[in-house]
Amino acid sequence: MTDTGINRGLLSDQVYDLILTSILDGTRAPGSRVVESELARQLSISQAPVREAVKRLVHAGLVVSVPRHGSYVTEISPEEFAVARQMRASIEAAGARIAVTTANATVLARLRAIVTRMQAAVDADDWAAFRKLDVEFHRSVIASTGVSVLARLWDTLEPMLISQRAIGDPLLSGGSRAGCPLARRPHRRAHERRSRGRGERLHRARIR
């Protein structure tokens, strides 16, 4: 991988995706340090695109930068995490109640497509891809409501939930496929209920 002026933006995108994937697959745990020079050396590139990628991660809330100490994967206290999960449940319940009355065929087709890709990720044991798709699923449900305040609240919580692996973490139950949320088909059941006209109970279909 070479570092030239013409492809620096592309390199930055690649480094961003690399770090994001390492957060999603658990390689970089909350509180672990993100060392720009180390990444640049591993990728055989200069530090410029790495620095740009880290800045983007900081802006997204996935990494925090501590002056004179370095950059770290976002970490929060157990108390803050508990509050975040409660807020997530409330936002998703409100979003689901609205979405079942506003989601059209295009939205449902998009959600079904995401679920299909999630299943493929489970079958391939690709948990980083699974988490990315699970985030995309939840974000899509919220976006389909058209309620800007829900979208803003979700945007605030999402980086925290990602860095703590609170969305779509199939390993929380011991790392087996049985512990994977998709193995219990909550997302697919939600789609089926909406398709049969019982969408008013979507928020009870355990979307998570």
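Numbers here simply count residues along the sequence, with the first being 1.
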Practice item. Kindly indicate whether the side chain of Trp154, heavy atoms from C-beta on, has any atom under 4.5 Å from the side chain of Arg88. Key: yes
Practice item. For residues Ser12 and Arg56, report the shortest heavy-atom separation together with the two atoms involved. Key: O-NH1, 4.1 Å
Practice item. Evaluate the salt bridge (Lys or Arg N to Asp or Glu O under 4.0 Å) criterion for residues Glu38 and Arg33: first the C-alpha distance (whole Å), next the side-chain angles of each, then the deciding distance (0.1 Å), finally the verdict. Key: CA-CA 11 Å; Glu38 182 179 298; Arg33 190 176 181 187; over 6 Å; no
Check your understanding: Side chains of Thr74 and Pro159: closer than 4.5 Å at any heavy-atom pair?
Key -> no
Review point. Do Leu57 and Val34 pass the side-chain contact (heavy atoms from CB on, under 4.5 Å) test, and can you show the C-alpha distance, the side-chain angles, and the key distance before you say yes or no?
Key: CA-CA 11 Å; Leu57 289 161; Val34 180; 5.8 Å; no
Review point. Quick one: does Thr145's side chain have a donor or acceptor within less than 3.5 Å of a partner on Val141's backbone?
Key: no
Review point. Shared ILVMFWY cluster between Leu157 and Val64, side chains joined below 4.5 angstrom?
Key: no
Review point. Yes or no on side-chain contact (heavy atoms from CB on, under 4.5 Å) for Leu111 and Phe137, after CA distance, side-chain angles and deciding distance?
Key: CA-CA 6 Å; Leu111 295 178; Phe137 179 90; 4.0 Å; yes
**Study point:** Point-to-point distance, once rounded to the nearest 0.5 Å, from CD of Glu52 to CG of Leu11
**Key:** 9.0 Å
Practice item. Work out which heavy atom in Leu108 is nearest to a heavy atom in Ala103; give both atom names and the distance. Key: CD2-CB, 4.4 Å
Check your understanding: Passes side-chain contact (heavy atoms from CB on, under 4.5 Å), Glu136 versus Arg110? Steps please.
Key -> CA-CA 10 Å; Glu136 183 179 349; Arg110 172 176 170 76; 3.1 Å; yes
Exercise for review: Could you walk me through whether Leu39 and Ile19 pass the side-chain contact (heavy atoms from CB on, under 4.5 Å) test, one step at a time?
Suggested key: CA-CA 9 Å; Leu39 280 167; Ile19 300 174; 3.7 Å; yes
**Study point:** Distance (rounded to the nearest 0.5 Å) between Ile23 CD1 and Arg131 CZ
**Key:** 11.5 Å
Exercise for review: For Ile91 and Leu153, work out which heavy atoms get closest and say how close.
Suggested key: CD1-CB, 3.6 Å
